2 protein chains.
Amino acid sequence: MTDAALHIHPTGHDHAACVDEALETAETLCVERGARLTPLRRRVLELVWSSHRPVGAYDILGKLDDGARKPAPPTVYRALDFLIEHGLVHRIESMNAYLGCNHPEQSHTGQFLICRECGNVTEMDDEDVRQTLRRRAAEKGFEVRSQTVELVGLCANCKAG
Amino acid sequence: MTDAALHIHPTGHDHAACVDEALETAETLCVERGARLTPLRRRVLELVWSSHRPVGAYDILGKLDDGARKPAPPTVYRALDFLIEHGLVHRIESMNAYLGCNHPEQSHTGQFLICRECGNVTEMDDEDVRQTLRRRAAEKGFEVRSQTVELVGLCANCKAG
DNA sequence: GTATGGCCTGATACACTGTATCATACTACA
DNA sequence: TGTAGTATGATACAGTGTATCAGGCCATAC
């Protein structure tokens with residue numbers, strides 16, 4: 001059982017279920033692809049999923065310190081690279097931080113809604129947005145290969161509260 | 001006369017004109033607002049405009065070294081903060097770099113088209129995109145306050161060439 | 001004309017984020 | 001087993017950004 005299982009997430013959901021599902025999905029997906037979700041990578045993924053807030057690489061590094069051996073930065077960055085490559089984790093550019101992805105089946109670059117009150121980030125994978133961006137850029141002669149969309153504002157919970 | 005005036009920009013335009021116009025616009029705008037475009041800030045703006053590629057803070061720092069005194073990082077970051085606050089410069093999050101804005105009249109966050117071949121970045125200030133993002137987020141209960149949109153791909157020139 | 005307060009810059013030190021490189025260990029497969 | 005490929009450990013360093021204090025400049029008030 002992980003730390004996350006010990007408490008309920010601020011938004012009221014059972015976050016342990018999020019983590020479990022994410023890890024299970026990752027296992028399945030890596031088996032399918034012949035990719036190796038090693039204990040280290042699994043642990044890093046679990047730490048990224050410790051909340052719905054993006055996590056810094058050095059936060060992960062700190063939490064990997066189990067008293068015995070303290071890993072070095074490349075250890076974390078390599079694990080993150082693997083996870084990102086397989087769509088299991090996204091990098092939030094405007095925060096230099098990392099966020100678990102809950103639908104990694106097809107690789108993608110999502111659109112992120114960053115709440116400036118609670119810090120939670122939700123992924124909005126909107127095809128309309130994607131197409132609009134692609135079309136508008138194309139009208140300027142630009143061929144889009146990858147999209148970074150990060151919106152800061154207020155989430156539904158924080159607006160209500 | 002600046003360095004930029006000594007050569008023609010890759011895309012074939014007279015880049016010195018870009019720089020001159022940007023600096024002139026900045027002067028006017030700061031006078032209107034009662035903001036102080038000091039020699040240092042003006043110089044930093046000029047260096048940001050040295051090309052249509054985003055420029056790193058430490059590149060600017062290096063070019064500020066006139067042999068006599070070498071400025072320290074905070075000097076550059078403070079100047080950049082001022083310029084960003086007044087919409088004269090944008091920060092490209094995915095590159096940790098800074099780009100001159102050619103229509104700073106009304107403050108805004110633009111959409112950026114980053115060419116992975118030539119490195120040039122053009123700003124696409126598309127209201128349709130802005131509205132689509134705002135609407136789609138609102139449908140998820142999210143109220144957008146600021147947008148970061150950075151698209152990587154191929155510009156018209158590099159596709160043709 | 002000087003005094004005062006606010007803004008701008010200088011300067012030192014440090015924090016945070018990420019990478020290059022080489023060595024070691026593990027795994028899968030022949 | 002042996003071997004090639006992959007994963008991790010470990011050291012060092014590069015790149016990016018900030019906290020903090022001190023000094024300088026300028027406008028306005030008196």
Side-chain angles (χ1 to χ4, degrees), chain A residues 26-27 30-48 53-86 88-99 119 148 150, chain B residues 26-27 30-31 33-48 53-86 88-99 114 119 148 150:
Chain A
E27 299 271 15
C30 284
V31 168
E32 283 175 3
R33 293 181 187 171
R36 295 164 58 181
L37 188 64
T38 63
L40 174 65
R41 290 166 175 170
R42 193 178 192 286
R43 178 77 179 123
V44 169
L45 181 58
E46 190 181 0
L47 289 172
V48 168
R53 284 188 284 276
V55 182
Y58 279 73
D59 289 338
I60 296 170
L61 193 55
K63 289 179 184 165
L64 281 179
D65 188 357
D66 61 351
R69 278 176 308 195
K70 184 181 178 58
T75 299
V76 169
Y77 283 104
R78 283 187 293 227
L80 287 171
D81 286 346
F82 172 88
L83 296 170
I84 290 171
E85 189 177 341
H86 287 281
L88 298 163
V89 163
H90 291 291
R91 175 180 162 82
I92 307 298
E93 298 291 345
S94 59
M95 301 179 71
N96 295 334
Y98 305 85
L99 182 74
T148 297
E150 300 175 7
Chain B
E27 299 271 15
C30 285
V31 168
R33 294 181 186 171
R36 293 167 58 184
L37 188 64
T38 63
L40 173 66
R41 290 167 174 170
R42 192 178 194 284
R43 178 77 179 124
V44 169
L45 181 57
E46 189 181 358
L47 288 171
V48 168
R53 284 187 285 274
V55 182
Y58 279 71
D59 290 338
I60 295 171
L61 194 56
K63 289 180 185 167
L64 280 179
D65 187 359
D66 60 353
R69 278 176 309 196
K70 186 180 176 57
T75 299
V76 168
Y77 283 104
R78 283 187 292 228
L80 287 171
D81 286 346
F82 171 88
L83 296 170
I84 290 170
E85 189 177 341
H86 287 282
L88 297 164
V89 163
H90 290 292
R91 174 180 161 84
I92 307 299
E93 299 291 345
S94 60
M95 301 179 72
N96 295 334
Y98 305 84
L99 182 74
I114 304 168
T148 297
E150 299 174 6

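Computed from a predicted structure; not experimentally measured. To find a chain, count down the sequence lines: A is the first, B the second, and so on, and within it residues start at 1.
- Listed here is the closest heavy atom pair of B/T148 and B/E93: CG2-CG, 3.9 Å.
- Put simply, chain A comes within 4.0 Å of DNA chain C, heavy atom to any atom, from C/dT17 to C/dT27, going 5' to 3'.
- For the pair A/L61 CG and D/dG9 P, the interatomic distance rounds to 11 Å; values are reported in whole Å.
- One interatomic measurement links the two molecules: CZ of A/R41 to C1' of D/dT8, which rounds to 9 Å at whole-angstrom precision.
- Computed from coordinates, the A/D65 CG to D/dA10 C1' distance equals 15 Å when rounded to whole Å.
- Looking at heavy-atom distances under 4.0 Å, A/Y98 makes contact with sugar-phosphate atoms alone, never a base.
- Toward the 5′ end of DNA chain D lies the nearest nucleotide of B/Y77, the other residue of the pair B/R36 and B/Y77 mapping further downstream.
- At whole-Å resolution of the value, CD1 in B/I84 and P in D/dG17 are 9 Å apart.
- Atom CG in A/L64 sits about 12 Å away from atom C1' in D/dT8, given to the nearest Å.
- For A/R78 against D/dG9, a side-chain-to-base donor-acceptor contact under 3.5 Å is present.
- The heavy-atom pair separating B/L61 from B/A72 by the smallest distance is CD1-O, 3.6 Å.
- Atom CG of B/N96 and atom P of D/dT18 are 11 Å apart (whole Å).
- Here the closest non-hydrogen pair linking A/E150 and A/R91 is OE2-O, 4.1 Å.
- Whole-Å rounding puts the B/R91 CZ to D/dG15 C1' distance at 12 Å.
- With the nearest nucleotide of DNA chain C identified for both B/F82 and A/M95, B/F82 has the one nearer the 5' end.
- Residues passing the side chain to side chain donor-acceptor pair (under 3.5 Å) test with B/R78: none are found, sequence neighbours excluded.
- Distance CG (A/L40) to P (D/dA7): 11 Å, rounded to an integer number of Å.
- Annotation: side chain to side chain contact (heavy atoms under 4.5 Å, CB included) contacts of A/A57 (sequence neighbours excluded): A/V76, A/Y77, A/L80, A/Y98.
- Comparing A/A72 and B/T75 along DNA chain C, the residue whose closest nucleotide (by nearest heavy atom) sits nearer the 5' end is B/T75.
- The CG atom of A/L40 sits 6.5 Å away from atom OG1 of A/T75, with the distance rounded to the nearest 0.5 Å.
- Of all heavy-atom pairs spanning A/P54 and A/L99, the tightest one is N-CD1, 4.0 Å.
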